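Remember, it's 1-based here, ligands and their atoms both numbered in the order they're listed. Positions are given from 1 along the sequence. Keep in mind that this is a model prediction, so the values were computed, not measured. FYI, side chains are in, hydrogens and waters are out, and symmetry mates aren't considered; it's all heavy atoms of this structure.
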Amino acid sequence: MLKENLTNALSKQFNFELYSAYIYLEMSAYCDRNGLKGFANWLNVQAQEELAHAMHMYEYILERGAYPVFEDVKKSPYDFENITEVFEKTLAHEQIVTGRINDIASLALKENDHAAYIFIQWYVNEQVEEEANAEQILQQVKQIGTNTALLYALDKELAARVFVNPFPAKTAAN
Ligand code: FEO
C-alpha cells in the first residue's frame with residue numbers, strides 16, 4: 001500500500017495536472033478568440049494530455065490501495081497579452097511541473113518505494129519532452145515577431161497536433 005506521504009504527494013500532483021489542464025484551456029481560448037486556431041488546437045491537446053496525466057495518477061493511487069485526496073482546482077495565475085507571453089508562461093509552468101515531479105521521485109526513493117519510483121519515472125522523461133516542446137514554440141514565436149505571414153504558417157503547423165492517449169493499454173484494461 002502507498003504510504004500516506006506519497007499518497008498526499010501524488011494526490012497533490014493529480015490536482016496539479018487538473019490545474020494544468022485548466023491553465024492550457026484558458027490559453028487555448030485566448031488563442032481561439034485571437035484568430036490563432038492552430039495554437040488553440042495545440043493548447044487544447046496539451047490540456048487533454050494533462051487530463052490523461054491526472055487520471056493516470058488517480059488510478060495509480062487507487063491501484064496501490066490508497067485513497068486520492070481531492071482539493072479545489074485553482075484558476076490560472078497567468079496573464080498574457082500576446083502569443084509570446086502565452087509560451088513564456090507555458091515553459092515556466094512546465095518547469096514548475098518538472099520540479100514537482102523530481103520531488104515526488106526523491107520522496108519515492110527516500111521511502112524505498114521502488115514501484116512508485118518507477119511509476120514517476122515516466123513523468124521524469126515526459127517532462128524533458130514537455131519543456132523541449134514549449135521551448136521550441138517559444139523560440140519560434142520570438143523569431144517570428146510581428147511577421148503575420150510566418151505566424152499563420154506556424155499556426156497551420158500547430159493545427160495538425162492530435163491527442164494521442166499516452167496510456168491506451170491502461171484505458172483498455174479498465
Ligand atoms: Fe502533465 Fe505538462 O505536465
Side-chain angles (χ1 to χ4, degrees), residues 2 6-32 36 38-64 66 68-80 83-108 115-141 154 157-171 174:
L2 205 55
L6 269 168
T7 301
N8 288 339
L10 282 169
S11 293
K12 284 195 179 303
Q13 192 56 31
F14 151 63
N15 179 276
F16 205 84
E17 299 289 341
L18 294 173
Y19 169 62
S20 300
Y22 220 44
I23 286 170
Y24 293 132
L25 271 184
E26 185 172 355
M27 289 176 174
S28 179
Y30 169 84
C31 293
D32 189 284
L36 295 169
F39 282 92
N41 172 66
W42 193 94
L43 288 157
N44 185 296
V45 171
Q46 189 71 11
Q48 291 180 66
E49 282 197 356
E50 303 303 357
L51 291 174
H53 297 166
M55 288 309 297
H56 185 230
M57 290 181 183
Y58 162 84
E59 285 164 8
Y60 183 73
I61 294 165
L62 288 174
E63 192 180 355
R64 291 289 307 274
V69 182
F70 289 81
E71 297 177 347
D72 291 342
V73 181
K74 288 181 296 181
K75 72 192 285 281
S76 171
Y78 302 127
D79 292 323
F80 32 82
I83 195 66
T84 303
E85 288 183 11
V86 167
F87 280 89
E88 282 171 351
K89 304 294 161 68
T90 296
L91 178 59
H93 187 73
E94 288 303 331
Q95 288 166 340
I96 292 169
V97 175
T98 300
R100 296 175 63 97
I101 294 293
N102 286 337
D103 287 348
I104 296 171
S106 299
L107 181 62
Y117 184 69
I118 289 168
F119 173 82
I120 209 68
Q121 287 307 300
W122 187 89
Y123 290 92
V124 172
N125 288 324
E126 171 73 1
Q127 282 312 117
V128 175
E129 196 181 311
E130 292 275 65
E131 286 194 32
N133 289 342
E135 175 79 43
Q136 187 189 359
I137 299 173
L138 175 59
Q139 291 311 321
Q140 285 174 310
V141 292
L154 179 58
E157 200 181 299
L158 298 181
R161 186 183 190 191
V162 291
F163 173 64
V164 178
N165 186 346
F167 315 110
K170 184 95 189 142
T171 304
N174 289 339

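Atom 1 (Fe) of ligand 1 has no N, O or S atom of Glu126 under 2.8 Å away, backbone or side chain. Among the atoms of Glu49, no N, O or S atom falls under 2.8 Å of atom 2 (Fe) of ligand 1.
The nearest N/O/S atom of His53 to atom 1 (Fe) of ligand 1 is ND1. The atom name of the N/O/S atom in Glu130 closest to atom 2 (Fe) of ligand 1 is OE2. Closest to atom 1 (Fe) of ligand 1 among the N, O or S atoms of Glu17 is OE1. Its N, O or S atom nearest to atom 2 (Fe) of ligand 1 is what matters here, and for Glu50 that atom is OE2.
Ion pairing between Glu49 and Arg161 holds under the 4.0 Å rule for side-chain N and carboxylate O.
In this structure, Phe16 has its ring center closer than 6.0 angstrom to the ring center of His93. The distance between the ring centers of Phe14 and Phe70 falls below 6.0 angstrom. Two rings, from Trp122 and Phe167, have their centers less than 6.0 Å apart.
Between the side chains of Glu129 and Asn125, not a single donor N or O lies within less than 3.5 Å of an accepting N or O.
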